[in-house]
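Only one structure is covered here, and it is reproduced in the block below.
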Amino acid sequence: VGAVAKLDLDDGSASAAGRLALTPDAGLSYRGSAALDNFSATDTLSGDKFFAVGRASVDDLRFEQRPGSVSLDRLALQAPFFRIFIAADGSTNIGAVLRPGDARDDGAADGNGGGSEPFQLSIGATEIADGTANFADNSLPIPFATGIYELGGTVGTIGTGTLAPASVELDGRVDEYGSVAVDGELD
C-alpha cells in the first residue's frame with residue numbers, strides 16, 4: 001500500500017474463490033469473487049483512521065496483468081467508515097495520502113518494467129449499507145465538523161475508461177437529529 005498511499009494497514013482478512021492463471025503472454029489473471037473482512041487503514045500523516053469496512057465483497061472480479069486492468073461487477077460495502085477532512089487551504093486528507101502518479105508509475109502494471117498502456121479500472125456499481133463518516137470542512141468561514149451515521153445507498157459505474165458521470169444516491173443521519181441526502185452525479 002505504501003507505494004500508492006501514505007496508509008498503514010491495521011487489521012483485516014482477505015478471501016477469494018476463483019480461477020488464477022499465469023501465461024507467458026497475458027501474465028497473471030484472476031476471475032472470481034473476493035472479500036475483505038474487518039479491514040482498517042490509518043493515515044500515516046495524521047495518525048487518524050482513514051478507512052475501515054466490516055465487509056467489502058465482490059462477486060465478479062476480473063484482473064489481468066497485461067494489459068493492466070481490474071473490473072468489478074458490483075462492490076458491496078457493509079459498515080464502511082470514511083474520514084473526510086477539508087483543510088483551511090481547500091486541500092483534503094484524501095489528496096494528502098495519495099502519492100502522485102509519477103511516484104507510482106514504475107511499470108508494475110504491465111509486469112515488464114514500463115508499459116505504454118495505462119491501467120484500467122471499472123467498478124460497475126457500489127452498494128453501501130450501515131456506513132459512518134467523520135466529515136470536517138475547515139475551508140468555510142465558520143469551520144464545520146459532523147458525524148454521519150446509517151449511511152446507505154448506491155454509487156453508479158466508476159471507471160478510468162469512461163467519461164460518463166456516476167450516479168450517486170446516498171441517505172444517512174447527521175449527528176443526533178439531522179439527515180443527509182446525496183442525489184446527484186460524481187464526475
Side-chain angles (χ1 to χ4, degrees), residues 1-2 4-15 33-61 70-100 121-160 162-187:
V1 173
V4 295
K6 298 169 190 159
L7 295 173
D8 281 339
L9 299 180
D10 301 321
D11 198 5
S13 62
S15 60
S33 63
L36 291 175
D37 289 297
N38 301 314
F39 175 86
S40 66
T42 298
D43 174 341
T44 60
L45 299 173
S46 69
D48 294 322
K49 184 184 294 187
F50 181 77
F51 174 76
V53 66
R55 181 166 180 83
S57 61
V58 178
D59 293 330
D60 188 12
L61 168 66
V70 171
S71 174
L72 314 169
D73 185 47
R74 182 185 62 87
L75 172 62
L77 301 176
Q78 179 65 41
F81 166 82
F82 307 93
R83 181 174 178 274
I84 303 166
F85 177 79
I86 303 169
D89 65 2
S91 63
T92 68
N93 64 317
I94 297 168
V97 301
L98 296 176
R99 296 196 186 275
L121 173 66
S122 174
I123 303 172
T126 301
E127 298 173 1
I128 299 171
D130 197 27
T132 58
N134 289 346
F135 177 81
D137 189 343
N138 288 345
S139 69
L140 299 172
I142 300 174
F144 173 77
T146 191
I148 300 172
Y149 308 94
E150 299 172 7
L151 185 64
T154 60
V155 178
T157 301
I158 296 174
T160 56
T162 180
L163 297 176
S167 63
V168 177
E169 294 180 20
L170 300 171
D171 294 301
R173 188 171 52 85
V174 176
D175 282 332
E176 195 170 334
Y177 302 107
S179 63
V180 62
V182 179
D183 187 7
E185 295 180 331
L186 181 63
D187 202 4

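Treat the numbers as computed from the prediction; the structure is a model and nothing was measured.
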Under the side-chain hydrogen bond (donor to acceptor under 3.5 Å, both in side chains) test, which residues partner [X], sequence neighbours left out?
{"X": "T160", "result": "Q120"}
{"X": "D11", "result": "none"}
{"X": "S71", "result": "R62"}
{"X": "R74", "result": "D59, E127"}

For V53, run the side chain to side chain contact (heavy atoms under 4.5 Å, CB included) check against I128, N38, L77 and tell me which one passes.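 That would be L77; it is the only one of I128, N38, L77 passing the side chain to side chain contact (heavy atoms under 4.5 Å, CB included) with V53.
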Considering residues at least two apart in sequence or located in another chain, which fulfil the side-chain contact (heavy atoms from CB on, under 4.5 Å) criterion with V70?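 Result, side-chain contact (heavy atoms from CB on, under 4.5 Å) vs V70: L61, F63, L72, F119, L121.
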Roughly how far apart are [X] [atom1] and [Y] [atom2], rounded to 0.5 Å?
{"X": "L75", "Y": "D60", "atom1": "CG", "atom2": "CG", "result": "12.5 Å"}
{"X": "I148", "Y": "I84", "atom1": "CD1", "atom2": "CD1", "result": "6.5 Å"}
{"X": "F81", "Y": "L151", "atom1": "CZ", "atom2": "CG", "result": "12.0 Å"}

Ignoring hydrogens and angles, write down the donor-acceptor pairs under 3.5 Å from the side chains of residues 165-178, residues two or more places apart or on other chains.
{"residue": "R173", "atom": "NH1", "partner": "D175", "partner atom": "O", "Å": "2.7"}
{"residue": "D175", "atom": "OD1", "partner": "G147", "partner atom": "N", "Å": "3.2"}
{"residue": "D175", "atom": "OD2", "partner": "T146", "partner atom": "OG1", "Å": "2.8"}

Anything under 3.5 Å between a donor and an acceptor, one on a side chain of residues 41-51, the other on a protein residue two or more places apart or in another chain? List them.
{"residue": "T42", "atom": "OG1", "partner": "D10", "partner atom": "OD1", "Å": "3.2"}
{"residue": "T42", "atom": "OG1", "partner": "D10", "partner atom": "OD2", "Å": "2.3"}
{"residue": "D43", "atom": "OD1", "partner": "L45", "partner atom": "N", "Å": "2.7"}
{"residue": "D43", "atom": "OD1", "partner": "S46", "partner atom": "N", "Å": "3.2"}
{"residue": "D43", "atom": "OD2", "partner": "S46", "partner atom": "OG", "Å": "3.4"}
{"residue": "T44", "atom": "OG1", "partner": "K6", "partner atom": "O", "Å": "3.0"}
{"residue": "S46", "atom": "OG", "partner": "D48", "partner atom": "N", "Å": "3.1"}
{"residue": "S46", "atom": "OG", "partner": "D48", "partner atom": "OD2", "Å": "3.3"}
{"residue": "D48", "atom": "OD2", "partner": "R83", "partner atom": "NH2", "Å": "3.2"}

Name every donor-acceptor pair, under 3.5 Å, that has one atom in a side chain of residues 131-140 and the other anywhere in the protein, sequence neighbours excluded.
{"residue": "D137", "atom": "OD1", "partner": "S139", "partner atom": "N", "Å": "2.9"}
{"residue": "D137", "atom": "OD1", "partner": "S139", "partner atom": "OG", "Å": "2.5"}

